[in-house]
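One structure is given below, encoded as structure tokens.
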Amino acid sequence: MAGIKDVANWAGVSIATVSNVINHTKAVSPELTARVYAAIEALDYAVNPVGRGLKSNRTRQIGVIVPSFSQVFFPAVLQGIHESAMQHGYSVSVFESNSNMDTEKEHIRFLQHSWIDGVILASYANRENISDREYIRTLAKMGNEKKAIPVVTLENALDPALDAVIVDNCHAAETAVSHLLSLGHKKIAHIAAPLRLQIGQLRLSGYKKCLRDASIPFSNRLVCEGDYSPRSGYLCAKNLLKQGEAFT
DNA sequence: ATGAGTAATGCTTTGTTTCC
DNA sequence: GGAAACAAAGCATTACTCAT
């Protein structure tokens with residue numbers, strides 16, 4: 001693999017000039033610029049990310065942790081992250097936590113020592129849970145340390161100190177229920193997201209609020225807790241049908 | 001204004017030296 | 001002999017000085 005010294009030798013310039021051409025950090029004459037680019041092409045040179053990272057403290061690598069690759073929601077999210085990262089000259093490393101807090105923490109520990117520039121995290125942590133609070137504080141601190149690794153959470157606003165990209169889950173559930181009501185349905189079942197998570201609670205409250213607004217009594221028997229997977233959706237629907245509670 | 005050359009810097013690993 | 005301390009290497013970037 002050719003390094004910056006090889007390019008400098010081939011082009012007959014100093015390594016400083018090569019660096020200035022690549023990064024546009026200083027004016028370099030068109031003649032030398034052309035020679036540097038010719039050397040880069042001839043030697044098939046690519047900047048060594050380790051060397052660049054040593055000096056700049058930046059690797060242009062982003063870590064992404066999602067609970068599951070098989071959930072319908074995340075492949076589209078990952079695609080969007082990947083496309084946006086590419087546009088900005090970043091690459092993405094993806095990890096699966098299997099909806100398991102220990103695995104998620106393990107990935108975070110690994111990324112903390114992996115010269116990553118930032119983390120996008122669809123966390124399974126619950127800020128109401130005392131045992132998760134210390135972990136959430138750790139995530140919030142990561143962006144303020146000497147080698148800052150900012151963390152952005154998806155779907156779950158864990159801490160005011162952490163940036164988050166979230167959906168208004170309460171309103172979304174309300175919208176879904178009111179759509180069904182507008183079609184004339186009165187008995188609406190809710191296959192819920194995990195209720196230990198904020199997202200599950202918000203969706204359930206949106207569901208309840210819409211029923212309340214329509215003066216329809218809430219029945220716990222019409223709520224079944226799933227885990228996002230297609231299989232849990234199937235099992236919940238099966239259970240609801242089995243227990244004989246009529247819904248439309 | 002342009003470009004060359006040098007040294008320092010970042011962090012980790014590996015090799016070498018010193019000391020008990 | 002083993003542990004601890006120190007030095008050097010790896011690579012790209014950047015600041016600085018000097019030359020043309």
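Sequence lines set the chain letters: A, B, ... in the order given, protein chains first and strands last, and positions in each chain run from 1.
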Just distance, no hydrogens or angles: give the donor-acceptor pairs under 3.5 Å from side chains in residues 170-181 of chain A, sequence neighbours left out.
unit_1    : atom_1 : unit_2    : atom_2 : d
Thr175(A) : OG1    : His171(A) : O      : 2.7
Ser178(A) : OG     : Thr175(A) : O      : 3.3

- Message: Counting neighbours of CD on Gln243(A) that are heavy atoms of other residues, nucleotides or ligands and sit closer than 6.0 Å, is the number greater than 12?
- Response: yes
- Under 4.0 Å between a side-chain N/O of Tyr45(A) and OP1 or OP2 of dA12(C), yes or no? yes
- Whole-Å distance separating the CG atom of Asp117(A) from the C1' atom of dG10(B): 14 Å
- Item | Distance, rounded to the nearest Å, where Leu32(A) contributes CG and dA4(B) contributes P | 5 Å
- Task: Report yes if a side-chain nitrogen or oxygen of Ser19(A) is closer than 4.0 Å to either non-bridging phosphate oxygen (OP1 or OP2) of dA12(C); otherwise report no.
- Result: no
- Ile4(A) CD1 to dG5(B) P: how many Å, rounded? 14 Å
- dA1(B) P sits how many Å from Asn20(A) CG, rounded? 16 Å
- Rounded to whole angstroms, how far apart are CZ on Arg60(A) and C1' on dT13(C)? 14 Å
- Note on the structure: From CD1 of Ile15(A) across to P of dG5(B) the rounded distance in Å is 10 Å
- Task: Using a heavy-atom cut-off of under 4.0 Å over every strand shown, decide if Val18(A) touches base, sugar-phosphate, or nothing.
- Result: nothing
- Task: Answer yes or no: does atom CZ of Arg231(A) have more than 12 heavy-atom neighbours from other residues, nucleotides or ligands under 6.0 Å?
- Result: no
- Taking the six-membered ring of Phe218(A) as reference, does the NZ or CZ atom of Lys208(A) fall below 6.0 Å from its centre and within a 45° cone about the axis? yes
